Amino acid sequence: MLMLIDSADLKGIRRIYDMFPVDGVTTNPTILKNAGQSPMEQLKKIRAFIPHGAQLHVQTLSSTAEGILKEAEHLLMELGDNTYIKIPVCNEGVKAMKLLSSRGINVTATAIYTAMQGFIAGKAGAKFVAPYVNRLDNIGFDGVEVAKNIHDMLTCHGLETKVLAASFKNTQQVLSLCEYGIGSITASPDVLEQLVNHQITSLAIQDFNKDFSDLVGAPDKTMLDF
Ligand code: G3P
């Protein structure tokens, strides 16, 4: 399962890249607003920081397919290869997905709330389709189930498109999709950190350290000291 960082905050991106095996960064206009910087400058900083070849997903804003195509060209020119053009699913968006994909440009369909939207975007050639798991939960649907349905439909119809599940608020949502074999997820630095940290693990580490200190009769010793 690919794991991406859903953030434009360089500090958070650096923190996660330092520690975890991640595959790239996803952004959207709200995420860029939260970073509070000029959008293209911030995206260029992120591109410069992440490893060569890592994915960077950037959303278009145009309401027509023609406009989306122009934006895509601009984004690829400014941010280079392995930039995924994120396009919200709507009529003009799907039209743009079809055109861009036929030209070999990587497309990520976003703002997906139904399984059928995910399927149509996949059929239009999107490499990734991004159902909004937690937002679905918040409006009374089961976001994990929608993501699984899309995964199943894409698989059983032989489409290469992968689910890029997005909008997570807790680790259980990520776990359920990982167990199911979902292709990829993107989550905030906070949620990604919670996938590793556990209070009981911290207590176990404390106990091990204390036992070692008792054994050697001094605190803060490691194997290097012996
Ligand atoms: O990538 C889409 C995602 O950022 C939406 O997440 O947390 O705003 O529901 P959220």
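Since we're looking at a predicted model, the values are computed, not measured. Counting starts at 1 for both ligands and their atoms, in listed order.
- In the model, Asp137 has a side-chain atom that pairs as donor or acceptor with a side-chain atom of Gln173 under 3.5 Å.
- Thr26 and Asp6 form a side-chain donor-acceptor contact under 3.5 Å, judged by distance and modelled atom types alone.
- Taking OG1 from Thr64 and CG from Asn91, the interatomic distance works out to 13.0 Å, rounded to the nearest 0.5 Å.
- There is no side-chain donor-acceptor pair under 3.5 Å between Gln194 and Thr171.
- Note on ring orientation: taking the six-membered ring where Trp is involved, the planes of His57 and Tyr84 are parallel (angle under 30°, cut-offs 30° and 60°).
- For Ser101 against Val107, the heavy-atom pair with the smallest separation is OG-CG2, 3.9 Å.
- For ligand 1, residues of the protein lying within 4.0 angstrom by heavy-atom distance are Asp6, Asn28, Ile31, Lys86, Tyr132, Arg135, Ala166, Ser167, Lys169.
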